[in-house]
Amino acid sequence: MQTNLADFIKGSVEGNEADTILRTCVHCGFCLATCPTYQLLDDELDSPRGRIYLMKQVLEGQTATQKTQLHLDRCLTCRACETACPSGVRYGRLVDICRNIVEKQVGRSLGASFIRYALRQVLPNPSIFATLLRMGQIIRSLLPKRIKDLVPSKARDAGEWPSVRHARRMLVLNGCVQPAIAPNINAAAARILDRLGISLIRAENAGCCGAVSYHLNAQQEGLDYMRRNVDAWWPHIENGVDLGIEAIVMTASGCGVTVKEYGHLLSHDHNYAEKAARISELTKDISEILEVETKNSPLINYSMPNASSNKSKLSFHSPCTLQHGLQIHGAVEKILTTAGFDLTFVRDAHLCCGAAGTYSILQPQLSKQLLRNKIVELQSNNPTQIVTANIGCLIHLQSATPLTVKHWIEELDEKLRDH
Ligand code: SF4
Ligand code: SF4
């Protein structure tokens, strides 16, 4: 694609990046069929190709309008279009760059700005979030249905976190909403890794990965969260504390995809570029770790005696951040089937469930439609439970089904505890 960037962005770091991305798009339209919003709205401007066209106009100097903003807001940033694109267009980066420009040109109403500000204050702050969650749980029966569905009545007990006893060690990201809603996820990962001879460590002062602010166009704020995590993890990695860390484990694929990008996003910050690149290199989704560690391990016996009797039938929802963002395909499914679980076939597994970070709050109608469709597909082959790999999807799916929705690592941990 030919481009002619406007003076306001030409030659800047972001301008150069956006220009390179735009030039890789050949307008073939292969991405259209996989785009959830195009499927629902049947409007080219709600497709990846249409949005790329809108973004090109803005980058070439045409002032953005509310209509431009609306079409970009409706994008889930699910990145299914990246998986489908034969030219390797990095749509996710392009939309992050352009949303920020459009936000500055178009602005928001006072109400919309307040909601976005409130989300940025509450979600990345575990203590505020935990307090509000507790209050929500107390008055749950009085809440409007839409909010009530999102407030879990009680978190599953986290159980024991094994003591640090192994020479092999890995860090884990605590995250922001996960410790309050599902503390068992990281504890389950710690127990499984402990069986494999690896101690999982939580670094003090690490917290939100920065994705919430970054994707709500408060990019500097998002980058500050990222720097804070780099500062929290670096002593463990560099100074030999805890004998050195082999990996930084992510149990939420939404955070994982962001931390994997720290190296890129902080590449122009001289104080952080090198450390951030190292941290991204060390970052692994828990499925990547287990895929390698369980290959020859006698500690996890995957040929479990009761594998054929009393099988749990699981429906796995692969989050967009796992399959399109991190490009991890089949790892979780392989681990679960080897462990003796039955996995149901899920049609249109590439489609987003509609959670997409804060999308379910900011675009409730579209999000609900996607959720309804996803639940139908996940339940179509009569699973006993649904499992996923990201806390946002977990909460969103649980709001629409009577089946229990868990992180797959919790289910595996439960199974291993019985043996
Ligand atoms: S598939 Fe890729 S190259 Fe083709 S229109 Fe979509 S983004 Fe552009
Ligand atoms: S990120 Fe998802 S919703 Fe956005 S254009 Fe790509 S496929 Fe469509």
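All residue numbers in this chain count up from 1 along the given sequence. Just so you know, ligand 1 is whichever comes first in the structure, and atom 1 is the first atom listed for that ligand.
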Lys/Arg cation over aromatic Trp234: Arg278, 6.0 Å, 45° cone:
no
Salt bridge present between Arg168 and Glu293 (N-O < 4.0 angstrom)
yes
Part of Thr77 with heavy atoms under 4.0 Å of ligand 2, whether side chain, backbone, both or neither:
backbone
Give the total of protein N/O/S atoms at a distance below 2.8 Å from atom 8 (Fe) of ligand 2.
1
Per-atom filter on ligand 1: closer than 4.0 angstrom to a heavy atom of His27 are 5 (S), 8 (Fe)
So, taking the atom named SG in Cys75 and the one named CG in Leu45, what distance separates them when rounded to the nearest 0.5 Å?
13.0 Å
Donor-acceptor pairs under 3.5 angstrom involving side-chain atoms of residues 134-143: please list them, not counting sequence neighbours.
from   : atom 1 : to     : atom 2 : distance (Å)
Gln137 : NE2    : Pro152 : O      : 2.9
Arg140 : NE     : Val151 : O      : 2.5
Arg140 : NH2    : Lys148 : O      : 3.4
Arg140 : NH2    : Val151 : O      : 3.4

Element-labelled atoms of ligand 1 that are located less than 4.0 Å from some non-hydrogen atom of Ser87
3 (S)
So do Pro383 and Leu314 actually touch side chain to side chain, heavy atoms under 4.5 Å?
no
Which ligand 2 atoms are under 4.0 Å away from a heavy-atom of Arg79?
1 (S), 2 (Fe)
Heavy-atom nearest neighbour in the protein, as seen from atom 3 (S) of ligand 1, with distance rounded to 0.1 Å:
Val26 N, 3.3 Å
Under 4.0 Å from one or more heavy atoms of Ile52, ligand 1 contributes atoms 7 (S)
Just jot down the ligand 1 atoms closer than 4.0 angstrom to any heavy atom of Cys85, in number order.
1 (S), 2 (Fe), 3 (S), 7 (S)
Applying side chain to side chain donor-acceptor pair (under 3.5 Å), can you list everything that pairs with Thr20, at least two apart in sequence or on another chain?
none
Sole candidate of His350, His329, Gln327 that passes side-chain hydrogen bond (donor to acceptor under 3.5 Å, both in side chains) when paired with Thr83:
Gln327
Determine whether the side chains of Tyr359 and Asp73 contain a donor N or O and an acceptor N or O closer than 3.5 Å.
no
Got the closest protein heavy atom to atom 4 (Fe) of ligand 1, with its distance?
Cys28 SG, 2.3 Å
Going by heavy atoms, is Pro86 under 4.0 Å from ligand 1?
yes
Within 45 degrees of the ring normal and closer than 6.0 Å to the centroid, is that where the cationic atom of Lys313 sits relative to Phe341?
no
For Gly29, the ligand 1 atoms whose distance to one of its heavy atoms is below 4.0 Å
4 (Fe), 5 (S)
What do the steps show when you test Thr3 against Arg23 for side-chain hydrogen bond (donor to acceptor under 3.5 Å, both in side chains), and what is the final call?
CA-CA 7 Å; Thr3 58; Arg23 283 170 184 270; 3.2 Å; yes
Which residue pairs satisfy the side-chain hydrogen bond (donor to acceptor under 3.5 Å, both in side chains) criterion with at least one member in residues 360-369, sequence neighbours excluded?
Ser367-His396
Among all the protein's non-hydrogen atoms, which is closest to atom 8 (Fe) of ligand 1, and how far away is it?
Cys25 SG, 2.4 Å
